[in-house]
Every structure is written in C-alpha cells, then in structure tokens.
Amino acid sequence: MQIKQEMGNTRNEKKDCMKMRIGGEWADPAGGASIEVTNPATGEHIDRVPSGDHRDVDAAVAAAESAFPSWAYRSYGERGMILGSCARLLRERIPALAPLLTGEHGKPLVEATGELMGLAHVLEYYHSISGTVHGEYRNLRLYGNAIVTHTPLGVVGAIIPWNMPGLLMGWKVGPALLAGNTMVLKPASSTPLTNLSIAALFEEAGLPPGVLNIVTGSGKEVGEPLVLHPAVRKVSFTGQVETGKRIAELAARGFTRTTLELGGCDPMIVCDDADIGEAVEGAVRGRFYNCGQVCTAVKRLYVFEDVAERFQKLLAARLAGLQVGNGMDPGVDMGPLNNAEQHRTITALIEGVREGGEGTIVTGGAVPQGERFIRGNFYAPTLITDVAADSPLLREEVFGPVLPMVVVEGLDDALAQANASRYGLGASVWTHDMRRITSACEQLQAGIVWVNQHLRIPPEVPFGGVKESGIGRENGYGSIDDYSNLKSILIAPGKGRP
Ligand code: NAD
C-alpha cells in the first residue's frame, strides 16, 4: 500500500501487522490476538494492530518508568525544543500521514490535514511556553522565604477516542511531556494507526525512547489495567460520559489523578439580529465537520422565531448541496461515520424519531442513494424540526450528522432550554447585541462559550466541561500545573533586619 511505503521508518518493518510502540521499539504483544482496522468508506481491510492486555501495559509502564528520570531531569527549555522538533517533522510528513488518518477514520483529506496541522500547532504552543515555566518565590517575612516548584508526576496514562485521534493525542502528550512526565497512551481500536505512526515520528525527531509508549487494545483489556496500574500517577481520558464514570471509579481505588474530557450536547443560539448567512455557515461547519463526530459539535440549534423560517430554508439548501463520499475523493465535504456501530446507532435513532413522530425530517434521515454508499458507513446530513422536548435528539449526545432545530421565543427561552441538559461542554450565541452577548456568556452553563462562532478550540486557552461533560481542563498554561506536583519549600527567615 502506498501510504505504508511513504511512511518510511515511522512504520514498523513487519508488513502484515502494525505493532505497539514500547520503549522506542515496535513491540509484539504478549498474547496473539489482533484488531482489524478497516476503511469506513469502503469496508476494506487496511491493517491490523495487536489486541494488547495487562502484560503489555506492564511492559509499557516499565519502559516509561525507566525513561522517566533522565527526561524529568532535563530543563523545560530542552523538553520544549524536542516538542518543537516533533512539530517541524510532523508538518513535513503531513502529506503522508493525512491519507492514513483519512483511511482509518473516514474524514475528508482536507480535514485530516487540518487536524494534523492542529496537532503541530499544539506542540508548537508548548514549545513556545517552555522557556516561561517557572516556580514562585515570595518572602513571607515571619514565615520565611517561600519557593514553589513544579515536579513531574511520573508515568501518566492517556486514553483517547477515535473522533480526533491526532489532535487529542497532542492535547495530552504536549503538556504531559513538557512537564517532565513520561506517558503510556491507549488509542481507540478503530483509529490506532495514526497514533502509532506519530509516536515513532516523535522519536525520529529526538524524543528519547520510552518517553511516549503506545499500547493498542480494548478498553477492558488495556484501558482498565492502565488506570489501575500502581505506577501510573495520572490518567487523562477523553471519551463518553459512561466510560468516564467507570474510569473515575477505578482511579479512585489508587487515588490516581484524572482529567475527564467527556461528551457534549452543545447548544447554538441564533438571535434575530444575527448575520443569518454567517450563522447558517456556522451551523453547517459546527455540526457536519468530521461527520458530526466532535465533542463540541452543534448538537442543538435554538433559533429565534422571527428568523427561523429563513434560517431553516437556507440551512436545508446548504445541506442538500453537501458532497458526501470517500474522504480521499476531491470535493468531498463529509465522509462516512467512523464505524459500523456508530452507523447502527444513528440509523436506529432516526428510525425512532420517524416512528415516534418526534420531529419532522426536513432533509436527510437515510443513507444517501447510490452504489458507492452501500459498503461504507455513510449517512446523509440530516435536519430535523418540530422536535419533541423530551426527544433523545435534545437530551443525549448524538455523535453523527444530525441536527435538531428548535424555534424559541427569545433569549431567556433559549438560555433556559440550552441549560436544561446534563451536559455542559460548549455553547454558542450568534448576535451583535452587547447585552445579549453578556447575558449569554454569563448564563450559559458550559466550559467554553463562543460568540458568533462555534467549534474552534485553540491550545492557548483552557478547555473542558461542566456538569457531566467532565472534570478538569486541558490546554492553556494551567495544563502544566495539572501534570505537575506543586512543592512548597519554606526556608526559615534569617536573624535580624537588613
Ligand atoms: P469511548 O468512551 O467509548 O472510548 C474512548 C476510549 O476509552 C477508547 O480508547 C476506548 O477503548 C477506551 N475505553 C472504553 N472503555 C474503557 C474502560 N472501561 N476503561 C478504560 N478505557 C476504556 O468513547 P468514543 O465512542 O471512542 O468517543 C466518543 C466520545 O468522546 C463522545 O462522547 C465525545 O463527545 C467524546 N469526546 C470528548 C472530547 C472532549 O474533549 N470533551 C473530545 C473528543 C471526544
């Protein structure tokens, strides 16, 4: 396969199965089982990866433990330089890596390219702040001289989902490694190839062996042993709420720190003074980018009644024009869902809406017509109006290209409905009225609020959820604290005055 040749030495030598990355080597699993990786646009086999277990987790943690002392001893500047080199090499290799990501995930090539550029940007951000990480000194007079230092935690675990494997890897690897930790990362089973290739690429760029290890396998066989491993000091998890609850329970047994980045059911509020054209584009990108499989995708649309009819007409026309297809084909706007289970879930959900009369399907609501859609996990961009208030479309996170639109009387009504959710990840308001902007920013129960945009998450600012959308934050300067132990040192005051 062409991609395998282009990846050069970022790929293991054995051609029939990609291996795990442990201690800077392509490692065979302790057991013999493997996981097949398929192309969601064609159903074709792409590769296989080992289905690891607790023995592989033990080996990876041991490799991370032995790499830890010398990595932790380096200065922030030295570690940051290496992250910068990783970003540079990554940018050079994006043309080879992006097709691999599209192949295993399904997203259009332009989105895969953008995601990997986003990963490079994350690493560049951590490189850029590496010279500024410092402790604190305060003369507290009677209490003495106080010094606060950061020390790394040790080995940290990372568990990531399949929707943005490249970017989410960066959100965890960047701050963890800059803070001096070493890491064992478990990718999702349907998208492990990009993560494995990037880990090897980092080592090519100068990351010492064992600093970043990848163990592939299921949540039960690899994820749980990683969370329970006594040498793992922190676990950063991104995924579904229910999995996050399980991880929180397991981590509590060993007092292991956690950051939990969980699901979202983001509202987007369109006021009557909004630029309707821009808001329609925002809804299209906010919901249908990555085939709707984004934690902060627009999952509920609340539109003021005065502009609802016009908004709906424009939105439906845009959706009808979206090109659905194989992400490798030029001009494709939206690829397939990542996996068959996801396709079954979306199909069943829409059937339920149809049968239960829970809403009016304005456009989509089925697999697109045509031969080329038969074998992949394709689903048409779907807009649903007149949605019943208790419909799962509004209550639960729908991880696919389905957008429910609700007409609201005004801002108070919109804010009340937006906040009536167990989730609280992101939210956006579209208006140019300063009082409305202020009210919405103050009242929306979310970790991130956008004004006249939705979806963008730069590494410079903290990101995370409230309510059941998670605990803790990723990104931003504070993430260095989250991957560090803060140690306070108090030196007794000298005798007498200067
Ligand atoms: P998931 O929870 O099913 O799986 C995520 C990861 O956890 C996978 O690697 C999986 O193998 C692993 N896992 C599963 N069970 C486990 C267990 N018992 N112990 C340890 N690990 C286990 O999530 P998914 O379906 O892959 O991803 C989609 C979800 O991720 C959505 O809910 C989405 O909103 C969320 N997400 C959140 C953010 C965020 O930053 N808040 C970002 C992206 C995705």
Side-chain angles (χ1 to χ4, degrees), residues 35 49 51-54 57 104-105 107 115 118 122 157-172 184-192 194-195 214-229 232 235-251 253 256 258-266 289-299 337-346 396-400 421-426 446-448 455 457 459 461-476 479:
I35 300 166
V49 293
S51 184
D53 64 25
H54 63 97
V57 171
E104 66 177 346
H105 182 277
K107 61 185 74 192
E115 180 180 337
V122 171
I159 301 176
I160 62 172
W162 45 261
N163 67 322
M164 306 281 286
L167 187 68
L168 297 176
M169 180 179 188
W171 286 5
K172 298 183 191 313
V184 176
L185 182 144
K186 188 198 101 56
S189 296
S190 60
T191 55
T194 307
N195 296 130
I214 311 280
V215 180
T216 51
S218 71
K220 190 98 197 120
E221 297 296 322
V222 171
E224 296 203 2
L226 183 59
V227 178
L228 288 168
H229 199 295
V232 171
V235 172
S236 178
F237 168 77
T238 300
Q240 297 184 37
V241 172
E242 281 59 37
T243 319
K245 287 182 180 175
R246 170 79 180 148
I247 286 173
E249 275 174 36
L250 297 179
R253 293 184 198 170
T256 307
T258 52
T259 300
L260 303 173
E261 295 288 358
L262 309 178
C265 193
D266 284 17
Y289 168 80
N290 212 33
C291 196
Q293 303 163 118
V294 181
C295 53
T296 52
V298 173
K299 298 193 180 115
L337 288 151
N338 172 253
N339 54 71
E341 190 188 333
Q342 207 51 29
H343 194 261
R344 277 192 295 276
T345 304
I346 296 295
E396 293 307 328
E397 177 182 45
V398 177
F399 220 53
S421 171
R422 69 178 174 127
Y423 299 95
L425 196 56
I448 185 165
L455 214 62
I457 306 174
V461 298
F463 173 71
V466 300
K467 300 196 272 189
E468 293 201 19
S469 287
I471 296 175
R473 294 288 177 269
E474 286 190 312
N475 297 344
S479 58

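Read the numbers this way: they start at 1 and go in the same order the structure lists the ligands and their atoms. We count residues from 1, following the sequence as given. Bear in mind the structure is a predicted one, so any value in this text is a computation, not a measurement.
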Query raised in the report: For L262, is at least one N or O under 3.5 Å away from an N or O on ligand 1?
Result: yes

Query - Side-chain heavy atoms of L250 within contact of T256, under 4.5 Å - result: no

Report task. For ligand 1, indicate whether the residue E397 contacts it via side chain, backbone, both or neither (heavy-atom separation under 4.0 Å). Result -> side chain

Requested in this report: Please indicate whether any nitrogen or oxygen in N163 is less than 3.5 Å from any nitrogen or oxygen in ligand 1.
Outcome: no

Requested in this report: Would you mind checking if E261 and R473 are paired as a salt bridge, meaning a charged N to carboxylate O distance below 4.0 Å?
Outcome: no

Query raised in the report: Is there a heavy atom in P187 that sits closer than 4.0 Å to ligand 1?
Result: yes

Report summary line: Ranked by distance from atom 2 (O) of ligand 1, the top protein heavy atom is T243 OG1, 2.7 Å

Query raised in the report: Which is it for Q240 and ligand 1 at heavy atoms under 4.0 Å: side chain, backbone, both or neither?
Result: both

Query raised in the report: Does T238 come within less than 4.0 Å of ligand 1, judged by its heavy atoms?
Result: yes

Query raised in the report: Do K220 and ligand 1 have an N or O pair less than 3.5 Å apart?
Result: no

**Report entry** Top protein contact for atom 24 (P) of ligand 1, by heavy-atom distance
**Finding:** W162 NE1, 3.6 Å

**Report entry** E474-ligand 1 polar pair, N/O distance under 3.5 Å
**Finding:** no

Query raised in the report: Which of the listed options, G157, S469, P161, holds the heavy atom that is closest to atom 27 (O) of ligand 1?
Result: P161

Query - N/O donor-acceptor pair under 3.5 Å between Q293 side chain and N338 backbone - result: yes

Query raised in the report: Does L168 approach ligand 1 within less than 4.0 angstrom via side chain, backbone, both or neither, non-hydrogen atoms only?
Result: side chain

Report summary line: Separation between CZ (R422) and CD (E397), nearest 0.5 Å, reads 9.0 Å

Query raised in the report: Relative to ligand 1, is I247 under 4.0 angstrom through side chain, backbone, both or neither, heavy atoms considered?
Result: side chain

Report summary line: Ranking E221, E224, K299, E396 by closest non-hydrogen atom to atom 19 (N) of ligand 1, top hit is E224

Requested in this report: Decide whether E104 and S190 meet the rule of one side-chain donor and one side-chain acceptor closer than 3.5 Å.
Outcome: no

**Report entry** Value rounded to 0.5 Å, distance of CG in L185 from CD1 in I214
**Finding:** 4.5 Å

Query raised in the report: For L425, which of V466, L262, D266 qualifies under side chain to side chain contact (heavy atoms under 4.5 Å, CB included)?
Result: D266

Query raised in the report: What protein heavy atom is closest to atom 22 (C) of ligand 1, reported as residue, atom name and distance in Å?
Result: G219 CA, 3.3 Å

Query raised in the report: Looking only at N/O atoms, are I160 and ligand 1 under 3.5 Å apart anywhere?
Result: yes

Report task. Compute the minimum heavy-atom distance from M164 to ligand 1 and say whether it is under 4.0 Å. Result -> no

